[in-house]
Amino acid sequence: MTRPDTRPPDPGTWLLDRLDTREQALTRQIEQTQTDIDSLTARLSELSQEAEHLRISRKTLLSLAEADPAPAEPDAPPLVGFDHPDYQQILTVFGETGGSLRARDLALAMDLP
């Protein structure tokens, strides 16, 4: 019959096993951290690109506003006053017909296109 091994474990082997276990745990943490960094780097790149697009849009809009101001509206024709001959002619045409007219009929009565 053999006697059970009553020798204490070798302290060197026990220490090396502990070091291996810790190294494996650290390696897993490093890999996970690297994955997180890669993910965050990709997100940072996306956000930076979006911010750059906004800066370009702002710059483009400002340069367009400076370079080509809004076109001036054409001068409106002066309002026709009561003493203007066209106004008097319109009143005369309406007075002769005694009723309502379409714009086309008024234009024809005034010899306008």
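What you see is a predicted model; the values in this text were computed from it and never measured.
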Test item: Ser39 side-chain N/O and Thr35 main-chain N/O as donor-acceptor pair under 3.5 Å = no

Under 3.5 Å, side chain of Thr33 to main-chain N/O of Gln29, donor-acceptor pair present?
-> yes

For [X], which residues count as a side-chain hydrogen bond (donor to acceptor under 3.5 Å, both in side chains) partner, sequence neighbours excluded?
X	result
Asp38	Gln34
Thr13	Asp10
Arg58	none

Using a 4.5 Å side-chain heavy-atom cut-off and chaining through intermediate ILVMFWY residues, the residues clustered with Leu16 come out as Leu19

Residue list, salt bridge (Lys or Arg N to Asp or Glu O under 4.0 Å) with Glu31, at least two apart or on another chain = none

Listed by chain and number, what are the salt bridge (Lys or Arg N to Asp or Glu O under 4.0 Å) partners of Glu23, not counting sequence neighbours?
-> none

I need the [X] [atom1] to [Y] [atom2] distance, nearest 0.5 Å.
X	Y	atom1	atom2	answer
Arg55	Lys59	CZ	NZ	11.0 Å
Glu52	Gln49	CD	CD	9.0 Å
Leu47	Leu40	CG	CG	10.5 Å
Arg22	Asp20	CZ	CG	13.0 Å

Do Gln24 and Arg28 come close enough that some side-chain heavy atom pair is under 4.5 Å?
-> yes

